[in-house]
Amino acid sequence: MQRSPDLIKQLDHSTDQLKRARLRSMQWLAVGLLLLAALVFAVARSQRGGHPAWGYVEAFAEASMVGAIADWFAVVALFRHPLGIPLWHTAIIPNSKADIGRSLGAFVENHFITEQGIAERIAQADPAARLGAWLADEAHARQLGVASAGVAKQLLAMADHDKLGQLLREQASGYLGQLNLSDVAADCIDALIADGKPQELLDFLLDRGAAYLDDEAHHAAIGDFVLGAFQIENALIKKAVKAYEPRMIASLQKFAIAVRLDPDHLLRQRIAGWIADSALHLKADPQWQDTVRRYQLQLVASDTVQAMLGDVWKHISTRVLADLHADQPVLAQAIASVARNTGRVLGTDDHARAWLNGAIVAGSGSLVRRYRGEVGAFIAARLDLWSKEEMSERVELAIGRDLQFIRINGTIVGGLAGLLIYAASQAF
């Protein structure tokens, strides 16, 4: 539960009032004992001649008053000048405010903010196990996913999409320009050859070609293609070609079937050699590589590719925003799933927990080494903001009630010491 600054101030004020009331009650108790000792002293003094016992009572009461006054002076001298008299070495706390701040800061640095101390505390707390238990809870994982989606929505709403789109386009263009396309193409060809894909492609083309040639509906188109390819305009030659058309198509079909059925056919070997030579040229032929590089850079710099790269961020942000505005964003569900899985791993895998705890310890050690010196400076600076009076009051509210027991004990112990001294003087 979060507390507002006003609520914290109210709680602090209430706490101070309670401490002040308890302090006052103990102060009145100490004063009451002093007054009681004074009253007993007066009575015993007036009755001293009536019975020897009154001498012992008088000695006890007199020593009690001395002890009470002496300890009152000692306690008061810590916080202010007794009776307002600026005696030497009184008002110790307000006059030593700066030294106390530095000493307290150094004490905390040297004895609390230490790498070993922080590491031991982290090991005892086992934050990895606690985090795993928290993430494994379905409600917590869902809450984390929803919160993360909300943060992403706010970040996208505040983002400069034009700059992000331009940045993505420039980065993508630079990456595509630096890519060694020759090596990539050669590696792809090698992988295809290793898997026998060129021969499979040739088999497919031969099957389709044979089927196409076998269909008489295509024969006229084949004949027209031959006439157009050789630019035959003579009617006699056209008639001769048309007459040999069935035999030509049958011969082509027979050749395609022969190549298809013979895995060691010469045409297959030649095609495989052409493809393998292409891969070697792409890897080692500078001329081929320069040609590929030139076309690659032209393609990347083309208006079409640049426009496509420029629209990448627009499409991504549009899709992400559409998802984030849905009732159940996919991003939130994905983050929740990752959180749950992380929680399960941390809950069951001892090595994962040990690794995370070790990383936290290492990180805490780095933070301690880096910021340890600032802790003491921060404490000293905060105390320096207090006035002497405020410093004295805060310390007195913190420990003043316990210090009143010094006055009470001084009254009692002083009386007992006076009684012992009086008894000894009477005995000897």
Okay, side chain of [X], backbone of [Y]: is any donor-acceptor separation there less than 3.5 Å?
{"X": "Asn357", "Y": "Ile122", "answer": "no"}
{"X": "Ser64", "Y": "Thr411", "answer": "yes"}
{"X": "Ser46", "Y": "Val43", "answer": "yes"}
{"X": "Arg353", "Y": "Leu346", "answer": "yes"}
{"X": "Ser337", "Y": "Gln333", "answer": "no"}
{"X": "Thr90", "Y": "Pro86", "answer": "no"}

To the nearest 0.5 Å, what is the distance between CG (Leu164) and NZ (Lys314)?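 NZ of Lys314 is found 14.5 Å from CG of Leu164.
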How far does CG of Leu131 sit from CG of Asp126, to the nearest 0.5 angstrom?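 One gets 10.5 Å once the value is rounded to the nearest 0.5 Å.
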Output every pair passing side chain to side chain donor-acceptor pair (under 3.5 Å) with a member in residues 289-305, not counting sequence neighbours, ordered by first then second residue.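 As it turns out, there is no side chain to side chain donor-acceptor pair (under 3.5 Å) pair with a partner in residues 289-305 once direct neighbours are skipped.
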So which pairs with a foot in residues 24-34 pass side chain to side chain donor-acceptor pair (under 3.5 Å), sequence neighbours left out?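 Every pair satisfying side chain to side chain donor-acceptor pair (under 3.5 Å) with a residue in residues 24-34: Arg24-Gln27.
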According to the ring pair (Phe, Tyr, Trp, His ring centres under 6.0 Å) rule, which pairs have a member within residues 124-156, sequence neighbours left out?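 Residue pairs passing ring pair (Phe, Tyr, Trp, His ring centres under 6.0 Å), neighbours aside: Trp134-His140.
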Partners passing side chain to side chain contact (heavy atoms under 4.5 Å, CB included) against [X] (at least two apart in sequence or in another chain):
{"X": "Asn180", "result": "Ser182, Asp183"}
{"X": "Lys388", "result": "Pro94, Asn95, Lys97"}
{"X": "Ala172", "result": "Leu309"}
{"X": "Glu62", "result": "Phe41"}

Determine, step by step, whether Ile379 and Arg382 satisfy the side-chain contact (heavy atoms from CB on, under 4.5 Å) criterion, reporting the C-alpha distance in whole Å, the side-chain angles of both residues, the deciding distance to 0.1 Å, and the verdict. CA-CA 5 Å; Ile379 294 175; Arg382 294 301 302 175; 5.9 Å; no
Does Arg268 pair with Asp203 as a salt bridge, N-O distance under 4.0 Å?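 Result for this pair is yes, salt bridge flagged.
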Considering only NZ, NE, NH1 and NH2 on the basic side and carboxylate oxygens on the acidic side, decide whether Arg80 and Glu396 come within less than 4.0 Å.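 Yes.
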Who pairs with Asp160 by side-chain hydrogen bond (donor to acceptor under 3.5 Å, both in side chains), at least two apart in sequence or on another chain?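 Residues passing side-chain hydrogen bond (donor to acceptor under 3.5 Å, both in side chains) with Asp160: none at all.
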Flag the pair His265 / Phe255 as yes when their ring centroid distance falls below 6.0 Å, and as no otherwise.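 Ring-ring flag for His265/Phe255: true, centres closer than 6.0 Å.
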State which residues pass salt bridge (Lys or Arg N to Asp or Glu O under 4.0 Å) with [X]; sequence neighbours excluded, sorted by chain then number.
{"X": "Arg169", "value": "none"}
{"X": "Glu200", "value": "Lys197"}
{"X": "Glu109", "value": "none"}
{"X": "Arg319", "value": "none"}

Worked verdict on Phe107 versus Phe112 for ring-ring contact (aromatic ring centres under 6.0 Å, His included): CA-CA 8 Å; Phe107 180 80; Phe112 291 93; 5.6 Å; yes
Would you please test Arg102 and Asp99 for salt bridge (Lys or Arg N to Asp or Glu O under 4.0 Å) and show each step? CA-CA 5 Å; Arg102 288 191 296 269; Asp99 293 336; 2.4 Å; yes
Residues, nucleotides or ligands: over 12 heavy atoms within 6.0 Å of Gln124 CD: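 Counting other residues, nucleotides and ligands, CD of Gln124 exceeds 12 neighbours.
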If you count the non-hydrogen atoms of other residues, nucleotides and ligands that lie under 6.0 Å from NE2 in His111, is the total more than 12?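 Yes - once you tally the heavy atoms of other residues, nucleotides and ligands closer than 6.0 Å, there are more than 12.
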